[in-house]
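Take a look at the structure set out below.
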Amino acid sequence: MIGVLALQGDVREHRRALESVGARTRLVRCVEELAGLDGIVLPGGESTTMVNLAASFGLLDPLRHAIHAGLAAYGSCAGMILLADRVCDGVPGQPTVGGLDITVRRNAFGRQVESFERDLPMTGVAGPPVHGVFIRAPWVESVGPGVVVLAQVSDPSGADRIVAVQQGALLATSFHPELTGDLRVHEYFLNVVRAEPGWSQAPGRRLSKGA
Ligand code: GLN
């Protein structure tokens with residue numbers, strides 16, 4: 001059972017992609033809807049709006065606790081920003097859910113009109129490159145030691161930028177696979193969820209493997 005944070009953004013598209021790869025889904029708008037989830041998707045949209053709504057719906061701290069306790073999560077674009085421990089070029093003091101030991105640069109590839117699409121190879125995703133749709137997308141400026149880089153793309157100056165990362169049960173992409181009909185990133189996330197030992201709803205406690 002995978003939740004989709006349903007406060008703002010491309011909720012429907014993620015839900016459709018998840019169901020197409022065999023997940024059951026639940027829209028999450030209040031704390032009770034976190035119970036019993038095996039994973040959660042934080043969609044693309046607008047990170048400041050989403051985090052403000054999460055705070056007003058009383059979801060921000062429960063989400064932090066759930067992720068800290070080991071709930072698997074996948075964030076695309078604004079969702080990546082939400083999962084990041086550190087944000088640059090955010091609004092002053094922009095809070096996040098956190099969990100991923102990365103610094104993310106918001107709107108890094110430029111303004112809305114500088115949005116672009118690019119095929120890119122992604123570690124763990126077999127077959128042809130993934131078609132990346134980048135809409136006023138962030139990139140990952142730096143990663144902590146436990147974070148695996150899964151994909152990079154060159155920025156307008158030709159420098160390689162990190163656009164997909166994983167740290168244990170947490171996955172994030174700067175781009176939007178939910179918009180392309182290519183289901184491999186959602187499949188990848190479901191495999192991450194299946195491989196995880198699960199999470200305890202007691203804040204800060206991870207279930208041990210096989211528990
Ligand atoms: N630029 C948006 C933000 O900062 C993210 C864009 C997106 O999710 N497509 O939240």
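The residues of the chain are indexed from 1 along the displayed sequence. Computation of the quantities below employed the complete heavy-atom set of this structure, encompassing side-chain atoms and omitting hydrogens, waters and symmetry-equivalent molecules. Counting starts at 1 for both ligands and their atoms, in listed order.
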Around Arg29, counting heavy atoms of other residues, nucleotides and ligands shown, do more than 12 lie under 6.0 Å from its CZ?
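No, the 6.0 Å shell around CZ holds no more than 12 heavy atoms from other groups.
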
Among [options], whose heavy atom sits nearest [atom]?
atom                   : options                     : result
atom 6 (C) of ligand 1 : Gly75, Pro138, Gly45        : Gly45
atom 7 (C) of ligand 1 : Cys77, Pro43, Gly44         : Cys77
atom 4 (O) of ligand 1 : Arg106, Gln8, Gln112, Met50 : Arg106

Check whether any N or O atom of Ser76, backbone or side chain, sits under 3.5 Å from an N or O atom of ligand 1, and answer yes or no.
no

Distance-only N or O hit between ligand 1 and Ala78, under 3.5 Å
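Between Ala78 and ligand 1, an N or O pair is found under 3.5 Å apart.
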
Of all heavy-atom pairs between Leu120 and Ala151, which one has the smallest distance, and what is that distance?
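Shortest heavy-atom separation between Leu120 and Ala151 comes out as CD1-CB, 3.5 Å.
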
Around atom 10 (O) of ligand 1, find the nearest protein heavy atom and jot down its residue, atom name and distance.
Ser47 N, 2.5 Å

Shortest protein contact, atom 1 (N) of ligand 1 (heavy atom only):
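The answer is Asn107 OD1, 2.6 Å.
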
Is a donor from one side chain sitting under 3.5 angstrom from an acceptor on the other, for Arg161 and Ser174?
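Short answer, no.
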
Do Gln94 and Thr48 have a side chain donor and acceptor closer than 3.5 Å?
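Absent: no donor and acceptor within the cut-off.
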
Region of His176 that comes within reach of ligand 1 [heavy atoms, distance under 4.0 Å]
side chain

Using a 4.0 Å cutoff against the non-hydrogen atoms of Ile81, which atoms of ligand 1 qualify?
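Answer, ordered by atom number: 3 (C), 4 (O), 10 (O).
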
Is Arg86 salt-bridged to Asp101, cutoff N-O under 4.0 Å?
yes

Check ion pair Arg106-Glu46 (N to O, under 4.0 angstrom):
yes

Between His186 and Tyr74, does the ring centroid distance fall short of 6.0 Å?
yes

